[in-house]
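The block underneath contains the structure these notes are about, expressed in structure tokens.
Quick caveat, the model's predicted, so the values are computed rather than measured. All values below were derived from every heavy atom in this structure, side-chain atoms included, with hydrogens, water molecules and symmetry-related copies excluded. Order of the sequence lines fixes the chain letters, A, B, ..., with proteins taken first and strands second; residue numbering starts at 1 for each chain.
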Amino acid sequence: MAGSSERTTSIKLPGATVDVVRKGTGPQLFMLHGGGGPVAAMPFADKLAESFEIIAPVHPGFAGSAIPDHFDDLTDLIYLYLDLMDALELDDAVMMGFSMGGWTAAELAVISTARLSKLILVDPVGVKVGGREDRDIADVFATPPDDLARLMWHDPAKAPDPTAMTDAQRQVMQSNRVALGLYTWQPYMHNPKLPGRLHRIDVPTLLIWGESDGLVTPDYGRAFCDMIKGAEMVVIPEAGHAPQAEQPAAFVQAVASFTK
Amino acid sequence: MKAWFFTEDAYPQLPDQDTYRSIRVSLPNKHYDPEIGADNYHQFLDMWLMAEDLGLEIMLNEHHQTATCVVPSVPIIAGILARETKTARILVLGNPLSNLPRPTRTAEEMAMIDVISRGRLECGFVRGVPYETAPANVSPYRGTERMWEAHDLIIKAWTTHDGPFNFEGRWFHARQVNVWPRPYQQPHPPIWVTIGSAGTAVPVAEHEYTGAVFLAGYPGVRSIFDGYRNGYMARHGHEAPLDRLAYCALIYVADDEAEAKAGGELLLWYMTSNKVPVEYSNPPGYHPPAVAAQIASGSRGGAGIPLQATLDDQMARGNMFCGTPDQVYEQIKAFYDYSGGFGNLLIMGQAGHLTFEQTRRSMTLFSQEVYPRLKELTASYDGDAMKETRAALPDKELADLGTFGVEFVR
């Protein structure tokens with residue numbers, strides 16, 4: 001198992017200490033997880049670790065880690081990760097972000113692509129594409145759990161089931177939700193200034209989208225894609241907001257084609 | 001003892017509970033008939049005036065996007081009553097500071113009510129219940145810290161009389177603060193804060209504010225009040241005065257027991273109507289993760305289940321005092337002794353479909369036959385005797401209801 005070669009280090013930065021999971025060998029793949037928490041232990045990552053060195057930080061507040069006292073919103077995470085990218089000495093890295101991590105990746109790329117070779121955004125949030133009364137991004141904090149599962153999964157049976165978890169797992173899930181709330185509360189899951197800055201992204205960019213994603217739909221993805229010069233988009237059938245989880249083979253194939 | 005008459009000003013004329021998912025946040029306001037609503041408002045104002053006539057003080061609050069309390073702006077009701085009443089103290093409990101964008105506006109509103117009432121305002125500050133998160137669109141994370149920062153700004157606004165000052169805090173910014181009017185009471189109206197745990201009671205005790213506990217019952221009241229008393233003693237070096245603690249319960253008094261129970265059953269609407277699903281009762285950052293995990297796992301409310309309250313159970317828990325005047329006095333005295341004593345009784349005296357006449361009868365009996373005895377009880381308070389009384393009452397064993405009522409005690 002690729003999982004056996006996984007190693008975690010704590011990197012102390014001026015703003016916070018960040019746990020970084022690494023696995024595999026090859027070109028650097030800087031992986032930013034979404035609101036559901038770390039993804040580097042999932043089968044798709046095992047597969048990617050055969051071709052890349054995955055470098056996956058755990059956003060403060062996720063997986064049981066503490067939210068630093070001074071953290072207020074995503075800006076704090078973005079500046080923490082600018083420091084982290086320097087500390088890691090990323091060089092020609094592929095940056096991949098999922099959902100909220102995709103938003104974070106886009107914000108980082110807007111500031112600088114100096115350490116990057118390519119950018120991959122997976123069902124990202126981060127921009128508003130509709131009018132002020134359009135709900136571009138489902139309100140995950142006000143949606144009934146069953147409805148949320150239907151929005152996020154092609155097969156809702158694959159959604160995490162809190163009733164089947166241990167108390168400790170449920171608490172981590174709730175802590176993740178608190179952290180997601182901190183990073184994305186208002187403006188909800190987006191930065192109104194981001195569309196006007198996306199022109200600064202000057203590395204090849206791929207958007208990967210689950211065809212059944214109801215949290216942020218493929219139409220939202222196409223609008224997002226149009227905002228980034230030269231960006232391409234791949235839509236994966238029979239997958240929702242987490243195509244890497246629901247269709248790992250198609251997902252890995254899309255990444256491989258883009259990075260070869 | 002001071003007794004405060006309170007009703008949430010609900011709109012109970014609702015369709016069957018099974019036809020909607022939540023009574024809060026999302027219940028469409030097509031179910032609100034403004035003509036009925038107008039009658040309701042006038043009836044509630046009449047109730048508060050009746051309470052004053054009966055010698056009771058007045059308590060008011062606000063909630064948002066809910067049929068359980070159709071007062072989305074407590075300063076409006078308080079402003080009307082500041083003019084319409086003459087003697088009653090007017091307790092606003094409270095202003096949900098964590099969710100309000102501009103504390104200086106609250107400072108202005110409360111000062112105005114204090115002046116109109118010629119110094120009869122008691123001003124409460126609260127964090128707000130979890131279901132206020134969505135209507136306010138304010139993250140509940142660090143809500144308590146936000147509340148205290150807003151409080152600091154309001155107190156400074158009330159007590160600064162030499163022109164503008166500057167306040168640039170973590171959450172609230174105001175660069176030219178100079179409120180008109182300033183409060184009638186000097187240096188400012190008495191402050192109240194709701195407390196739901198020993199920990200949250202400590203800063204309230206340190207400020208010497210009145211700490212108010214809602215429906216914590218026998219299972220919770222000792223630890224919360226003790227948190228207050230210990231915090232008070234540690235900071236001030238002497239025991240907390242009795243009037244710095246308040247307890248809120250449902251109360252119904254009647255001439256005979258059967259009538260009392262019928263009234264009590266109607267009051268229970270306050271609990272049984274509170275059908276709120278998990279997406280509104282568990283916003284991210286309101287509850288500690290352990291409590292949030294309990295809610296998410298469906299131990300209460302997770303599927304939109306209302307509180308399953310029964311009269312006997314709520315009476316046993318000390319959340320409901322109900323019976324003849326003698327019985328109600330004995331129930332309150334037993335709770336008072338168990339809790340170690342408190343100087344303010346907040347009476348949820350009307351809820352749901354309890355009529356004006358039923359409420360008047362109950363509050364009349366309370367004020368004539370129960371209240372005088374409660375006043376004697378607190379007048380004869382002796383700290384040492386209370387310690388002995390309390391020590392003789394072991395902790396009650398009551399069934400664990402998980403996170404039951406966790407929203408009510410905030």
Side-chain angles (χ1 to χ4, degrees), chain A residues 35-37 59-74 76 100 132 135 138-152 159-190, chain B residues 20-22 24-27 64-66 98-99 101 130-146 149 169-173 275-305 402-403 406:
Chain A
H59 312 331
F62 282 87
S65 63
I67 296 174
D69 286 343
H70 65 279
F71 265 42
D72 288 318
D73 57 31
L74 196 78
D76 294 308
M100 175 207 121
R132 66 184 184 184
R135 203 192 289 283
D139 188 347
V140 300
F141 302 118
T143 302
D146 290 350
D147 292 352
L148 195 57
R150 280 190 287 274
L151 287 174
M152 293 185 69
D161 175 12
T163 61
M165 296 177 182
T166 65
D167 277 351
Q169 288 169 326
R170 274 197 289 267
Q171 287 195 36
V172 167
M173 188 182 181
Q174 292 297 321
S175 299
N176 289 350
R177 210 167 152 261
V178 174
L180 179 65
L182 175 89
Y183 291 125
T184 67
W185 191 264
Q186 185 178 289
Y188 176 64
M189 296 252 181
H190 76 283
Chain B
Y20 53 82
R21 180 173 169 84
S22 177
R24 298 180 188 254
V25 186
S26 61
L27 183 63
H64 300 261
Q65 291 188 198
T66 177
S98 313
N99 295 339
Y131 359 90
E132 309 283 287
T133 292
N137 214 41
V138 173
S139 166
Y141 187 61
R142 300 191 182 115
T144 302
E145 292 93 323
R146 280 175 66 93
E149 185 177 293
R170 180 165 186 178
W171 291 285
F172 300 106
H173 289 221
K275 181 182 184 181
V276 189
V278 64
E279 63 269 22
Y280 301 136
S281 61
N282 189 26
Y286 189 93
H287 304 288
V291 174
Q294 268 186 300
I295 296 172
S297 67
S299 68
R300 92 146 284 272
I305 303 163
T403 53
V406 72

Among residues 171-180 of chain A, which ones touch chain B with a heavy-atom distance under 4.5 Å?
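The residues closer than 4.5 Å to chain B, in numerical order, are A/Gln171, A/Gln174, A/Ser175, A/Arg177, A/Val178.
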Taking every heavy-atom pair that is under 4.5 Å apart, which of A/Pro144, A/Gly181, A/Ala168 has the most such pairs with chain B?
A/Pro144
Side chains of [X] and [Y], heavy atoms from C-beta outward: is any pair under 4.5 Å?
{"X": "B/Thr66", "Y": "B/Tyr131", "value": "no"}
{"X": "B/Tyr141", "Y": "A/Asp72", "value": "no"}
{"X": "B/Glu145", "Y": "B/Arg170", "value": "no"}
{"X": "A/Met189", "Y": "A/Val140", "value": "yes"}

Kindly assign one of parallel, tilted or perpendicular to the pair A/His59 and A/Tyr183, based on the angle between their ring planes and the thresholds 30° and 60°.
perpendicular
Search all heavy atoms of A/Pro68 against all heavy atoms of A/Pro60 and return the closest pair with its distance.
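Here A/Pro68 and A/Pro60 meet closest at CD-CB, 3.5 Å.
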Check whether B/Val25 gets within reach of chain A through its side chain, its backbone, both or neither, counting any heavy atom under 4.5 Å.
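For B/Val25, neither part sits under 4.5 Å from chain A.
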Non-hydrogen atoms of chain A under 4.5 Å away: do they reach the side chain of B/Ala134, the backbone, both or neither?
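Neither; nothing under 4.5 Å.
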Test side-chain contact (heavy atoms from CB on, under 4.5 Å) applied to B/Trp171 and B/Glu149, step by step:
CA-CA 8 Å; B/Trp171 291 285; B/Glu149 185 177 293; 3.5 Å; yes
What part of A/Asp69 gets closer than 4.5 Å to chain B, counting heavy atoms only: side chain, backbone, both or neither?
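For A/Asp69, the backbone is the part near chain B, not the side chain.
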Sequence neighbours excluded, the answer for side-chain hydrogen bond (donor to acceptor under 3.5 Å, both in side chains) partners of A/His190 is none
Do you know which of B/Gly285, B/Ser139, B/Pro289, B/Pro140 has the most heavy-atom pairs with chain A at a distance under 4.5 angstrom?
B/Ser139
